Amino acid sequence: MAVSVQTEDFDAGLEINRLQNARKDTGAVVSFVGLVRDLNEGDQVSQLTLEHYPGMTEKALEAIVNQAQSRWDIFDVTLIHRVGTLQATAQIVLVAVSSAHRGEAFKACEFIMDYLKTEAPFWKKELTQSGERWLDAKSSDDEARERWNQ
Amino acid sequence: MAVSVQTEDFDAGLEINRLQNARKDTGAVVSFVGLVRDLNEGDQVSQLTLEHYPGMTEKALEAIVNQAQSRWDIFDVTLIHRVGTLQATAQIVLVAVSSAHRGEAFKACEFIMDYLKTEAPFWKKELTQSGERWLDAKSSDDEARERWNQ
Amino acid sequence: MKIKIFYFARLKETLKFSTEDLELPDDAFANTLTILKLKAHLAKRSDVWQQMLMGKLKVRGAINHALVDDNALIVDGDEVAFFPPVTGG
Amino acid sequence: MKIKIFYFARLKETLKFSTEDLELPDDAFANTLTILKLKAHLAKRSDVWQQMLMGKLKVRGAINHALVDDNALIVDGDEVAFFPPVTGG
């Protein structure tokens, strides 16, 4: 497992390749990249600032990855989440999961994102033409997480 | 949509970046990379030969991507499938899907793989220490596809 | 009627045929030739053909690049293909 | 008892506090201080504190880096944090 909270950008291709090359019996790598959209709730977004809770955030992410590893037969996970001020179209988060077969990697990758969205201490503040605003948590994210408990 | 059946290798990072950069309102890119495992059904695999049906294979892949685009609100799809003789650990297939929100991209990407596995005319022949063998279709792949009709 | 047939994977290898142009008598087949009838017709060639096309290998058929079932009708000029269940990805 | 408190995001910005060391009288709080009691105690500071901690913003609490609910017990030396629902990813 590699978990990182960082201001620097990441290279999704490089991280995917690392997982591929780690074991010769890897059959599948599923990855997710989340990006700063230039549009949110109808407003133009020029930048996004991500705050986190140093210490707790890393622990929360590791706990989520551990849960995924105990639920599915996966080989490895790379999770990188950026913090600080990001411009529109910038990369925010990467989750990459390797496994022998595709079904497990798909499930684990989506599970990690759904839990990250609702359990990991990050907060987003957008800059639009009318100023700064903190984003509200979405009930659709709570629902996405609840699916995994059914 | 970009669909390609080719002998050459591909660069997953490059393809993901292309989808990211195509539109500024992209919020999510989900990708799948399938690889030649060095182990299958307990036997060491040294290489895999992929045969296809030129003309029909491309059409089948485009039809699958079109289905995904009509079912989910996604922006774009890149699908690359290699043919010919590949060594263990080589990349076989890439599916990358961009969208505004993650749920749609995850579903569309997994849907495309499940349909590709059961509908696109590709056939795999493995080389193991006891010689060559054609792979049999897996009932688990049929079941994975059937989930989408429920 | 004239049709073109392609064989793939295990079929191609075992039958030692990758493609053939086949002419069928119009009085026997015109407007009535289905995938299943064509399989049965080809299966008469030898035991190997019988085994490969009508045996336990679940052969799938395609007409003009579209997957079809056994009852699909084949017409003059069609491109037909026979192959085992697919295993890509 | 002494505890450390962190505030994040909207709370930090509105309360103009990012962290504080707080000393509480043992006789009033020892072994009985919960997240909810601490919120109520802090809410007495001003209307803004009341609104932020006890208002409609669903404040979440953490003790020593673990998310907890309102009934969780805080002990001497704990690191407590308050923040709005998370919005990362």
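Bear in mind that the values here come from a model prediction, so they are computed numbers and not experimental data. Hydrogens, waters and symmetry mates play no part in the numbers below; they use all other heavy atoms, side chains included. Naming: A, B, ... by sequence-line order, numbering from 1 per chain.
- Side-chain contact between B:Glu58 and B:His52 is present, with at least one heavy-atom pair separated by less than 4.5 Å.
- Inspection of non-hydrogen atoms places B:His81 of residues 70-87 of chain B under 4.5 Å from chain C.
- Using a 3.5 Å distance cut-off with no hydrogens or angles, the side chains of B:Gln91 and B:Asp9 do pair a donor with an acceptor.
- Residues C:Ala81 and B:Tyr53 share a closest heavy-atom pair of CB-CE1, 3.3 Å.
- At a 4.5 Å heavy-atom cutoff, the contact between B:Lys125 and chain C is made by side-chain atoms alone.
- Contact of B:Lys124 with chain C is made through backbone and side chain together, with heavy-atom distances under 4.5 Å.
- Distance check, rounded to the nearest 0.5 Å: CG of B:Leu127 to CD of B:Gln44 gives 11.5 Å.
- Side chains of C:Met52 and C:Leu57 form a contact here, defined as non-hydrogen atoms less than 4.5 Å apart.
- Considering all non-hydrogen atoms of both residues, C:Gly89 and B:Val93 come closest at C-CG1, 3.7 Å.
- With a 4.5 angstrom heavy-atom cutoff, B:Asp141 does not touch chain C via any of its atoms.
- Contact check for B:Glu126 versus B:Leu135: side-chain heavy atoms found under the 4.5 Å cut-off.
- Inter-residue side-chain proximity for C:Leu42 and C:Leu22 is flagged as met; some heavy-atom pair is nearer than 4.5 Å.
- In this structure, CG on C:Asp76 lies 9.5 Å from CG on C:Leu24, to the nearest 0.5 angstrom.
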Inset, instruction - Show the numbers, then the answer: is there a salt bridge (Lys or Arg N to Asp or Glu O under 4.0 Å) between B:Glu15 and B:Arg18? - result: CA-CA 5 Å; B:Glu15 301 301 336; B:Arg18 272 192 194 146; 3.3 Å; yes

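- Of residues 1-20 of chain C, those residues with a non-hydrogen atom less than 4.5 Å from any non-hydrogen atom of chain B are, in numerical order, C:Phe6, C:Phe8, C:Ala9, C:Arg10, C:Lys12, C:Glu13.
- The shortest heavy-atom contact between C:Val86 and B:Ala137 is O-CB, 3.9 Å.
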